[in-house]
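Atoms within each ligand, like the ligands themselves, are counted from 1 in listed order. Side chains are part of it too, since the values below use all heavy atoms of this structure and drop only hydrogens, waters and symmetry mates. Count residues from 1 along the sequence.
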Amino acid sequence: MTWLLTGGAGYIGAHVLRALQDAGRDVVVVDDLSTGVRPRVPDGVPLVSIDLGDSAALAQVFGDHSVTGVVHLAAKKAVGESVERPIWYYRQNVDRILTLVETMANAGTRNMVYSSSAAVYGMPAGEQVAEDEATAPLSPYGETKLIGEWVVRDAARVHGLSWTALRYFNVAGAGSDDLGDTSAFNLIPLIFRAVAAGDRPKIFGDDYETPDGTCVRDYIHVSDLAEAHVIAALATEGSSPIARAYNVGRGVGSSVREVVDMASDVIGRDVNAEVVPRRAGDPAYLVASAERIRDELGWQPTRDLRDMVASAYSASTA
Ligand code: UFG
């Protein structure tokens with residue numbers, strides 16, 4: 001069984017790569033290295049640096065490596081950037097999944113795990129959001145992720161794919177010091193970046209209708225997320241039915257203030273965060289119902305917020 005891992009030189013992809021290897025699967029990585037970095041791919045794992053939109057080059061990879069399944073992570077993922085450059089986001093995220101699924105169909109590759117996002121839900125009303133809740137993305141980024149789910153769903157019907165989408169909540173932490181998130185788009189890396197620069201981390205608003213006034217999110221350790229990919233990939237290889245989408249979160253909400261306090265605790269001094277005005281488009285509360293993946297696939301996260309913050313800090317100072 002050889003799995004093609006798109007985006008395998010990225011922060012999340014590098015963790016998924018190791019988890020697939022631990023499960024005894026051969027892996028070939030396709031990554032255009034626009035944000036991924038080569039050293040994240042271990043020696044001995046083929047890394048093909050092509051644009052996923054290049055169907056001829058992609059077809060060659062499927063043939064050369066006898067690819068049996070695809071874990072598709074490669075995408076642009078900055079919400080704010082997607083609002084500024086919507087057409088480019090559609091090109092990057094939608095065009096490329098079309099090419100990928102078409103190439104899979106031509107090659108007879110039947111298994112797929114697609115990286116989706118909690119961004120497909122937009123601003124849900126309830127406490128915990130379940131997979132069958134209405135989807136209403138608030139950004140082109142979230143829209144491209146949802147369209148990707150539709151593309152795979154519709155292709156699956158005619159090409160007989162066995163597939164699922166994993167809807168990630170807030171991914172954080174590092175499985176080892178060399179695999180940290182270097183992009184600094186998200187809260188936890190931004191806290192440590194500010195501290196390293198001698199600046200004050202920012203809290204975007206403390207006047208939300210949440211217990212301490214700051215936004216609540218469901219943080220999930222990247223190593224737990226990586227294990228979810230493996231469980232999903234193996235499930236597509238089996239004969240049991242598999243759902244179209246699984247939330248990957250812990251079902252535990254943490255506020256921005258709680259994350260900041262945890263960072264102070266891990267560092268051993270107050271990070272001295274300052275409250276600034278709200279950031280546009282932030283839902284007050286976004287927490288997963290994580291029951292479906294636990295009940296149907298047996299996935300159980302084992303790392304908590306302290307593990308995420310401590311491992312992210314360790315990687316940022318290594
Ligand atoms: N935040 C701050 N200060 C910062 C950065 C973030 O207070 O310097 C706050 C945000 O306002 C938000 C929370 O911290 O309330 C988390 O923000 P992130 O930017 O880390 O993450 P988001 O929840 O906005 O987005 C994440 C992923 C997206 C994905 C989304 C799904 O980054 O890719 O979850 O809900 F779409």
Side-chain angles (χ1 to χ4, degrees), residues 7 10-12 35 73-83 89 92-93 115-124 128-129 131 133 135-149 165-173 181 183-197 199-222 225 245 247-251 253-263 271-290 305 308-309 312 316:
Y11 158 60
I12 295 172
T35 52
L73 269 61
K76 299 298 169 198
K77 63 164 187 176
V79 175
E81 184 184 43
S82 79
V83 175
Y89 261 69
Q92 294 293 319
N93 292 357
S115 154
S116 187
S117 169
V120 301
Y121 296 115
M123 219 168 287
Q128 290 189 329
V129 60
E131 290 85 349
E133 203 111 336
T135 47
L138 293 172
S139 66
Y141 165 70
E143 284 162 352
T144 64
K145 284 285 154 183
L146 185 57
I147 292 170
E149 290 190 16
L166 299 181
R167 294 178 175 166
Y168 307 172
F169 281 67
N170 289 64
V171 185
D181 183 2
S183 66
F185 283 126
N186 297 115
L187 175 63
I188 294 172
L190 282 169
I191 292 171
F192 294 128
R193 183 168 284 206
V195 168
D199 295 334
R200 299 178 68 184
K202 293 182 169 42
I203 294 175
F204 295 144
D206 66 352
D207 56 352
Y208 287 92
E209 280 186 32
T210 57
D212 67 15
T214 68
C215 289
V216 173
R217 294 288 182 275
D218 189 337
Y219 293 88
I220 177 73
H221 195 292
V222 65
L225 174 72
N247 286 341
V248 190
R250 289 183 302 139
S254 305
S255 72
V256 176
R257 181 73 74 185
E258 286 169 331
V259 173
V260 165
D261 288 347
M262 183 63 81
V271 299
N272 196 20
E274 65 172 321
V275 177
V276 298
R278 291 181 177 197
R279 186 174 71 176
D282 274 334
Y285 192 95
L286 191 56
V287 176
S289 161
L305 185 65
M308 291 177 233
V309 173
S316 77

Looking at Phe204, which atoms of ligand 1 are within less than 4.0 Å of one of its heavy atoms? 1 (N), 2 (C), 3 (N), 4 (C), 5 (C), 6 (C), 7 (O), 8 (O), 11 (O)

the protein heavy atom lying closest to atom 11 (O) of ligand 1 turns out to be Asp282 OD2, 2.6 Å

Working note: Asn186 + Tyr219, criterion side chain to side chain donor-acceptor pair (under 3.5 Å); need CA distance, chi angles, decisive distance, verdict. CA-CA 11 Å; Asn186 297 115; Tyr219 293 88; over 6 Å; no

Can you tell me if Tyr168 and Ser116 form a side-chain donor-acceptor pair at under 3.5 Å? no

Judged by non-hydrogen atoms, does Tyr141 sit under 4.0 Å from ligand 1? yes

Considering the heavy atoms of Ala118, write down every atom of ligand 1 situated less than 4.0 Å from one of them. 31 (C), 35 (O)

Row check, Tyr208 ring normal vs Arg278 NZ/CZ: under 6.0 Å, within 45°: yes

Does a side-chain heavy-atom distance below 4.5 Å link Glu81 with Tyr89? yes

Distance filter under 4.0 Å to Ile203 heavy atoms, resulting ligand 1 atoms: 7 (O)

Starting from atom 15 (O) of ligand 1, locate the nearest protein heavy atom and write down its residue, its atom name and how far away it is, to 0.1 Å. Cys215 CB, 3.0 Å

Taking atom 35 (O) of ligand 1 as the reference point, the nearest protein heavy atom with its distance: Leu286 CD2, 3.1 Å

Exercise: do Arg217 and Tyr285 side chains pair donor with acceptor under 3.5 Å: no

Quick one: look at Arg278 and ligand 1, take heavy-atom pairs under 4.0 Å, and tell me if it's side chain, backbone, both or neither. neither

With atom 25 (O) of ligand 1 as the reference point, say which of Leu187, Asn170, Thr214 has the nearest heavy atom. Asn170

Can you figure out which of Ser117, Gly122, Ser254, Pro137 has its heavy atom closest to atom 30 (C) of ligand 1? Ser117

With a 4.5 Å heavy-atom cut-off, do Val276 and Glu274 have their side chains touching? yes

When you measure from the side chain of Lys145 to the backbone N and O of Asn93, does any donor-acceptor pair fall under 3.5 Å? no

Please write down residue, atom name and distance for the protein heavy atom closest to atom 31 (C) of ligand 1. Ala119 N, 3.5 Å

Per-atom filter on ligand 1: closer than 4.0 angstrom to a heavy atom of Leu190 are 5 (C), 8 (O)

Does Arg167 reach the side chain of Thr135, with side-chain heavy atoms less than 4.5 Å apart? yes

Looking only at side-chain N and O atoms, does Asp212 offer a donor or acceptor that is under 3.5 Å from a partner on Ser255? yes

Considering only protein heavy atoms, which is closest to atom 16 (C) of ligand 1, and at what distance to one decimal place? Tyr219 OH, 3.7 Å

Regarding ligand 1, does Lys202 bring an N or O atom to under 3.5 Å of one of the ligand's N or O atoms? yes

Counting non-hydrogen protein atoms only, what is the nearest one to atom 19 (O) of ligand 1? Give residue, atom name and distance. Arg279 NH2, 3.1 Å

Ligand 1 N/O within reach of Val79 N/O, cut-off under 3.5 Å: no

Numbering the atoms of ligand 1 from 1, which are under 4.0 Å from a heavy atom of Lys77? 33 (O)

Among all protein heavy atoms, pick out the one at the shortest distance from atom 9 (C) of ligand 1; state its residue, atom name and that distance to 0.1 Å. Val256 CG2, 3.7 Å

Is Asp218 reaching over with its side chain to a backbone N or O of Gly253, donor-acceptor style, under 3.5 angstrom? no

Report yes or no: does Ser254 contribute a side-chain atom to a donor-acceptor pair with the main-chain N or O of Glu258 at less than 3.5 Å? no

Polar contact flag for Asn186 and ligand 1 (N/O pairs, less than 3.5 Å): yes

Would you check if the side chain of Asp181 reaches a backbone N or O of Tyr11 as a donor-acceptor pair within less than 3.5 Å? no

